[in-house]
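To start, the structure itself, in structure tokens.
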Amino acid sequence: MSEPYVKNVVEAALLASGRPLTVTELFELFDEFAKPERASIEMALTELAAEYESRGIELREVASGYRIQIRDSIATPVSRLWSERPAKYSRALLETLALIAYRQPITRGEIEDIRGVAVNPNIIRTLLERNWVRVIGHREVPGRPELLATTKDFLDYFGLKTLDALPTLAELKDIESLGVQLDFSSGVALPEAAELQEIMGSDEDEGVPVAVSGSVSG
Amino acid sequence: MSEPYVKNVVEAALLASGRPLTVTELFELFDEFAKPERASIEMALTELAAEYESRGIELREVASGYRIQIRDSIATPVSRLWSERPAKYSRALLETLALIAYRQPITRGEIEDIRGVAVNPNIIRTLLERNWVRVIGHREVPGRPELLATTKDFLDYFGLKTLDALPTLAELKDIESLGVQLDFSSGVALPEAAELQEIMGSDEDEGVPVAVSGSVSG
Amino acid sequence: MSIPDTDAAMSLLPAAEVREIPFAIVDGEHISEPPRDLYIPPQAMQVFLEAFEGPLDLLLYLIRRQNLDILNIPIAEVTRQYLEYIDLMQDMELELAGEYLLMAAMLAEIKSRMLLPKPPSDANGEEEDPRAELVRRLQVYERFKRAAEDIDAIPRLERDVFVAEAELVERKLAPSLPDIALKEMLLAFKDVIQRAAMFATHHVSRERLSVRGRMTDILARLQGDELLEFATLFDVSEGRMGVTVTFVAILELVREGLIDLVQAEIFAPLHVCKAIPHPEWSAANDDATDVTN
């Protein structure tokens, strides 16, 4: 069993901080000459999680550490504390966020190519202000567009530990497999092969073609 | 005893609200068709207060209702969550500490002779306050200057078992590569026998010119 | 957006598939074109347009609404429907995003390629479907459209998840001290030694840290005024090496004038004590004190 003092400090710190805390951050709260073992902090976390089992709160590990949150089963009465409905996010914002989350690092131009529509600058600004997204560099192409990626705050907000915890993307079906059955009444027309090759071959990692099309965006 | 559900909602609401809540406010959180008695909310509060007795938090009644707060006895470590990252120590302090470690026992004058500049008294005071350095005597020369040496706390802080675990002067020449081999954080001390063998061995293998404090100060 | 919204907007329109059936029969004549002066409130058209996130979204809607296979789009039909909406919106003099017109051009191009005679196969003998790129774009877009819905469904802070917090009434001052990495200190030492070496004109010797540490230990044991028996400074369990280190440390302490070795008479036990202040030095010290006072 962990020392009661260690467990009490860990619990109090998690409740006082208002943000997730890592084991290292918890460790550093202790006085230099009375530092517990890191293992006893981990033990305290395990014990707290077990104690909360029968309670209205739970210990959750998210991207930037541990936090204590209200248990889902009790969220309805607790949500009555606030009369205002929480903000809804527009589809445009969510689609942009999804593209950044699954395709990071990604430029605004690449987002626009996939969505087939211009991205409202307000959307990127909102995502940056919420600190869900940040600029992590520039793509070394003309114009040096900013590369966008998600942050730990994004994962924390959605209660995720890592990006891998995001829902899996839908499968892409391959039109090529259908090619045999195609029946064109007046024969098959080929698009400029080179052009399509270039367009389709640009994204090997997932086998998903990024719809970058000069003819469309140009 | 109160119903566990009532107690769980009361606790969760107090922890989620961010402000004190009255019994009436707590009462109103419950679904209209499953409202508990007001008495059972009061009972839940009493039970929570009792449960928190041994913990780092406490239930307090303030002017605008009940709130859960960090117990005073645990406020010091928790407050470190907001302590600013401490400033870095100066180069002069690092050099002074290093000279005391390698040349102990040593006087301030001797440190000044080697460094070629006066030692700010604040540096010595900081090192004494940090309990990394202590005065172990006086050199019996005019002025009887204090002899400074490192402490057990100094060894503990740097994770060293003995002073011998510090690299030798020859090893310092290759300090960049040394850092990789030596796990400084866990402070692995060199095996003592090998160490002494090296010390007692011939001097020829090392030709590092070293300013010896005694003769410099003379 | 939600589909019901779109449907509501659509119901205000001469929906595309309605065209298959005569729009109306007037004087026995089948009228399949909506009257040009049919009034549709521009706001409704605006709502309709805003319900879509762009041309891909609109196309996807047309395909899904008719349960068409995305891999085998009847391009002529879909193009006709798409263009109808575009025409209608242009008739309404609504400002149409350029992307919608580009898509219209792309659809028309695909349609015409589908109608052209089949050109010779490429080297691989494979035939590329003119719709391939469009299908891929639609699929990729749909994929992220769903991902956005999935992300929206994840329980999130503020809406579904509430963080438990307790008040810290009074923050205690807890100064935290700067950290030093051992390496920092070693680098500092290396520098200072190198610097000192440049000025060193005196003898050069090899420092023995063990001896230095032992010197500190011996001095620490001599804090009081008592005499310590010489032999007690040695720990036989340290072996020959340990004894030698202690001995060298004692010699060094004596050489530096930090300790005195005393012996009452010949062959009597040796004792060690703190060096006794030289009378003159003490006097000098007193003088110095007087001066500063």
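Naming convention: chains lettered A, B, ... in sequence-line order (proteins, then strands); numbering from 1 in each chain. Just so it is clear, the structure is predicted and the values come from calculations on it, not from any experiment.
Of the inter-residue distances, the one linking C:Lys190 atom NZ with B:Tyr102 atom OH reads 11.5 Å to the nearest 0.5 angstrom. To the nearest 0.5 Å, the span separating CD on C:Glu184 from CG on B:Leu97 amounts to 11.0 Å. Interatomic distance, NZ of C:Lys183 versus CG of B:Leu94, reported as 14.0 Å (0.5 Å rounding).
Heavy-atom neighbours of C:Phe247 CZ from other residues, nucleotides or ligands within 6.0 Å: at or below the threshold of 12.
Between chain C and the options B:Asp72, B:Ile74, B:Ile57, B:Val78, the largest number of non-hydrogen pairs under 4.5 Å is found for B:Asp72. Heavy-atom pairs under 4.5 Å with chain C were tallied for B:Arg115, B:Arg67, B:Arg91; the largest tally goes to B:Arg91.
Between C:Arg212 and B:Pro105, the closest side-chain pair of non-hydrogen atoms falls below 4.5 Å. For the pair B:Ile136 and C:Thr216, the minimum side-chain heavy-atom distance is below 4.5 Å.
Only the side chain of C:Val169 comes within contact range of chain B, judged by heavy atoms closer than 4.5 Å. Only the side chain of B:Leu147 comes within contact range of chain C, judged by heavy atoms closer than 4.5 Å. Contact annotation for B:Arg130: only side-chain heavy atoms (C-beta onward) come within less than 4.5 Å of a heavy atom of chain C. In this structure, chain C has a heavy atom under 4.5 Å from the backbone of B:Leu14, while its side chain stays farther away.
Taking the charged nitrogens against the carboxylate oxygens, C:Glu167 and B:Arg60 have no contact shorter than 4.0 Å, which rules out a salt bridge.
Here the closest non-hydrogen pair linking C:Ala220 and B:Arg134 is CB-NH2, 3.7 Å. What you find for B:Leu15 and C:Ala166 is that their closest heavy atoms are CD2-CB, 4.3 Å. Among all heavy-atom pairs drawn from B:Leu99 and C:Phe189, the shortest one is CD2-CE1, 3.6 Å.
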Exercise for the section: List the steps, then state whether side chain to side chain contact (heavy atoms under 4.5 Å, CB included) holds for C:Leu168 with B:Trp82. Expected result: CA-CA 11 Å; C:Leu168 180 62; B:Trp82 294 277; 3.3 Å; yes

